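Because the structure is a prediction, the values reported are computed rather than measured.
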Amino acid sequence: MDNTIANFGNLLKIQLKQQKQLDLIIAYGLAALTMTYLSYSLPNLLPGDFVTTMYSNSFVTITAEQEAELRNFYSTDAGFGDYIIRLLKLDWGFSYSSLTPVSSLFFSALPWTLLLMGSANFISIFIGFVTGVEAAWQRDSKTEKTMVSTMTIMEGIPEICTGVILLAIFSLHYQWFPAAGAETAYANHTLIEQFLDVAHHLALPLLSLIFAYLPGNFLMARNSMVMVLKQSYITTARAKGLSALRIRYAHAARNALLPVVTRFCLRLSFMVTGALVVERIHSYPGLGTLLFNAIQARDLPVIQAVVLVSSLMVLAIILSLELLYGIIDPRVTHAH
Amino acid sequence: MNMKISSLNVIYKNKSHCIHALDKVKLEIKAGECTALIGESGSGKSTLANACLGILPKNTCFSGSIALDNSPLNYCNEETINQFRWKKIALAFQNGAANLNPVQKIIDQVTEPLLIHTDIDKATALKIASQSLNKLGLSPDQLLLFPHQLSGGQLQRVMLTMALILDPEVIILDEPTACLDAITKSLVANVIEENKHKNKAILLITHDLEFAANNSNTIAVLYAGQIMEQLPAKHLLTSPKHPYTMALARSYPATNTARDLGGIKGDFCLRTTHNNHDQPTHRHLTHNKLHGEHNTNHIPIDGCLFHNRCTQELTLCKHQKVKLIPQQDHHIRCLRNGIVNILELKEASKSHDGIVALHKNDLTIKAGEVFSLVGESGSGKSTLAMIAAGILKTDSGKRIFKGKNMDELIKYNYKSLSKQIGFIFQNQSSALSHRFNIFEAIAEPFRIHKITESKEELLVLVKKLLTDVHLPTEEAFLKYYPHQLNQGSLQRVGIARALALKPSFLIADEPTSSLDPSVQAKVVKLLLELQIELGLSMLFITHDIGLARKISDRLGVILQGQLVEIGPASLLFGTPAHPYTKFLIDSAAGLAKIYIDHNQTTTPLKSGCSFSMHCPRAREHCHQLAPQIKLHGERLLACHYPLPDYIKQHQSNLYIKQNISDQDLHSKTLSTIAS
């Protein structure tokens with residue numbers, strides 16, 4: 001009897017947990033839908049359009065009839081439902097300026113951004129976290145003090161600055177690295193050669209992003225680690241006679257992880273806008289460059305697509321962060 | 001394995017000052033025994049525990065040595081000390097919620113030492129861990145939870161299991177019962193008992209004095225980093241020798257005392273000195289004495305650390321260094337060699353016009369205690385009070401007040417004696433002169449002892465006293481005459497007058513018998529408050545058994561001019577040994593009927609026991625020969641045939657002890673708790 005009640009209780013608990021997660025997903029879904037609707041109504045809210053941009057400054061004069069016809073050709077207003085279906089079909093319209101489907105533009109730029117931003121974020125989080133943990137462990141030592149002050153100064157230098165400096169030194173002066181592009185065009189490379197070529201092009205933008213992200217990660221990891229090391233359970237771990245490495249990583253760093261993960265995910269969610277500056281400086285053919293060019297050309301379908309996808313990405317990453325929290329910190333799951 | 005701690009000093013360094021947490025602590029924790037460490041929080045108990053494992057914070061200096069079976073541990077090297085941590089010495093931390101990793105499951109944390117220190121594979125380790133957790137009443141589902149999902153008491157048991165998991169030789173339990181209910185506490189007691197049988201050395205750190213007294217062999221009392229007293233556990237609650245231990249015992253709500261809780265006057269002393277920045281910080285402890293400069297760096301407090309809160313301090317206590325001096329089974333750090341007797345009566349007798357009021361009474365009253373004297377009216381209570389106060393002379397016998405012969409003091413220096421003894425009379429309306437107003441009545445002692453002559457100063461002193469006893473201090477009130485006041489206020493005036501000269505010994509002769517219960521409650525509360533605040537010793541004379549029960553540390557029962565039973569109040573009320581004591585207690589509740597032996601053939605002689613006529617246990621020779629007062633354990637008793645309850649109590653304790661070692665019963669209780 002007791003057993004059945006207990007089982008029932010457990011079942012209820014699991015259901016409650018699932019219900020909680022379902023609620024979460026529904027809420028985020030609604031937010032995504034709102035986002036899409038905004039994106040859908042965006043063109044009509046903005047002053048100026050492609051036709052004006054194209055013909056206002058040109059020597060070609062067009063009649064009002066022609067203008068209306070052109071407008072009609074470029075605008076495809078067929079209701080919100082239709083819009084969503086087309087979105088799902090990846091039929092995102094034609095780019096005004098390059099007259100190619102937006103989706104093909106988008107998907108040719110996406111891998112480069114993923115490569116650049118992904119590797120920059122992962123490398124800086126890894127190095128930042130490990131050095132932060134080690135620095136906190138050796139608190140008050142000379143190494144730690146130097147590291148903290150250096151990182152604090154580095155945190156103050158914007159990526160635009162590091163990007164330009166790196167470009168000036170390694171690309172212009174020494175000419176070790178290419179100044180633009182993501183790979184050598186029209187080259188006939190073997191797989192390994194291609195890999196090296198991509199890495200060669202990636203080096204400078206990646207480096208300037210790492211310089212931008214690393215100090216913040218380091219400082220945050222160190223701070224949160226310093227706080228954790230003061231906790232009583234670290235004393236317990238010491239008393240248990242564990243090795244310093246185990247205390248540092250299995251007990252302390254595990255607890256210091258939470259704020260660092262939050263920062264990492266927020267960084268990742270602002271991938272497109274984060275890459276904009278660096279991609280521009282290094283002329284890297286990612287989403288940032290795509291967005292930048294589209295804005296210049298008032299290429300609305302492209303802007304729309306990039307903005308929509310990047311905002312949905314923010315939502316998706318925050319949702320996954322919320323689910324991840326429960327795993328890395330069990331206290332979050334049981335909080336009321 | 002024995003653990004020996006010798007001359008252990010621990011100093012916490014801050015930027016601005018140092019805190020002296022432990023001062024030359026010497027303690028031996030023997031195998032197969034449980035040593036308890038008690039003291040107020042901040043006295044350095046947990047510091048000692050942490051020092052044993054070498055897990056003190058970084059900015060700590062320490063010197064001295066900790067040895068396991070005579071081989072000193074080297075705390076300088078983390079590698080070597082890691083060999084000892086948890087395997088040889090394990091510590092169950094105080095606060096389970098803070099000391100468990102919040103993101104790891106309970107079972108994983110308990111299993112961790114097994115996986116790190118032994119070759120056991122994970123499956124077996126998990127099995128061992130869950131079995132030992134089950135043993136302390138944690139169900140299998142709870143093992144998979146995270147620390148924040150369990151209650152404080154459950155976490156404490158997890159900490160305990162974790163400490164015991166490697167079966168260490170030395171077990172340190174830091175407040176193992178702090179969050180536990182009484183039933184779960186007994187599980188911890190079982191664990192201690194079991195490990196004693198396994199010949200482990202246990203150090204029990206606790207606030208729970210009763211638990212310590214019942215589960216340990218010796219008890220060390222720590223105050224401000226110094227061991228004040230080391231005593232056998234059984235003496236802790238009933239006969240401690242150091243004033244601090246007595247004050248602690250009196251502050252603890254033991255289950256068998258009915259006395260109101262008393263505190264300790266003053267505030268806890270934290271020893272700090274300002275930091276000398278030129279000194280390098282030393283982080284580690286080595287077994288040989290190191291860093292001689294410590295002694296120059298650390299400015300010692302000269303005298304006894306407890307002197308400002310003590311009930312028997314002398315001027316000398318402030319300045320003279322005291323050492324822990326061994327005395328039989330006790331070790332005491334006190335200049336005065338433990339609690340002194342403020343008053344001793346030896347064979348004091350008194351008769352009024354041939355009628356014997358007191359017959360050869362021995363009585364000692366200790367410094368700082370409340371001693372109640374109960375008995376029927378006409379049994380000589382008031383006579384004894386007068387004799388104790390030095391108002392009456394004795395016919396024969398000796399009186400010693402604070403180590404001096406009282407009779408000589410009365411002869412040559414009565415004023416100095418009367419200044420030290422305050423007396424609250426039974427009937428204040430007749431004790432206060434009706435010609436004196438309140439101001440004059442209270443100011444009189446100051447005038448007699450020539451404290452001050454000026455009216456202004458007197459007014460200040462009188463007002464201060466009136467505030468102390470919660471009376472108004474307006475001019476109008478000061479001009480009242482005794483007959484204008486009610487009984488409660490008059491009694492307070494009497495108390496104020498008795499306390500005017502800051503006596504060290506207060507005698508209260510039925511101070512509340514004329515008051516109704518609500519006023520009595522107020523007056524008694526006030527008296528006890530002042531007793532703690534001023535550190536007074538008190539002789540409280542009453543016929544009210546219930547009241548005596550609420551206020552006394554020790555109790556004396558007087559029967560027709562003779563003390564028949566004297567002992568700790570909790571013992572006397574719990575298990576009276578003298579039939580008369582029981583009779584008194586029962587009568588107070590209206591339960592007893594006077595017993596008259598109708599089969600009595602021989603008339604009792606004068607030399608016989610005074611109670612023999614009414615005593616149901618009296619035998620032939622009770623009527624002829626009065627019993628001598630003798631020491632029976634903690635109490636003095638004058639009876640040929642003490643009550644069976646008193647005898648049975650000793651046996652019943654044994655009976656419980658046997659049950660504990662009984663494994664069947666043990667597992668049975670566990671299973672009932674588990675279900």
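Residues Lys240(A) and Glu112(B) meet the side-chain proximity criterion, which asks for heavy atoms closer than 4.5 Å. You'll find the side chain of Asn101(B) reaches within 4.5 Å of the side chain of Asn255(A), heavy atoms only.
Proximity to chain B at a heavy-atom threshold of 4.5 Å picks out nothing from residues 140-156 of chain A. Within residues 226-236 of chain A, the residues approaching chain B closer than 4.5 Å by heavy atoms are, in numerical order, Ser232(A), Tyr233(A), Thr235(A), Thr236(A).
Proximity to chain A is absent for every atom of Ile165(B), based on heavy atoms less than 4.5 angstrom apart. Heavy-atom distances place the side chain of Gln149(B), and not its backbone, under 4.5 Å from chain A. Using a 4.5 Å cut-off between heavy atoms, Ile328(A) contacts chain B through its backbone alone, with no side-chain atom that close. For Ile116(B), the part lying near chain A is the side chain, with the backbone staying farther off; criterion is any non-hydrogen pair under 4.5 Å.
With chain A as the partner, the residue from Ala90(B), Pro147(B), Gly54(B), Ala98(B) showing the most heavy-atom pairs under 4.5 Å is Ala98(B).
In Phe126(A), the CZ atom is not crowded: 12 or fewer heavy atoms of neighbouring residues, nucleotides or ligands sit closer than 6.0 Å. Dense packing is recorded around NZ of Lys87(B), with more than 12 heavy atoms of other residues, nucleotides or ligands lying under 6.0 Å away. For CG of Asp121(B), the number of neighbouring non-hydrogen atoms (other residues, nucleotides, ligands) closer than 6.0 Å is greater than 12.
A side-chain donor-acceptor contact under 3.5 Å links Gln104(B) to the backbone of Ala250(A).
Residues Pro102(B) and Pro330(A) come closest through the heavy atom pair O-CG, 3.6 Å.
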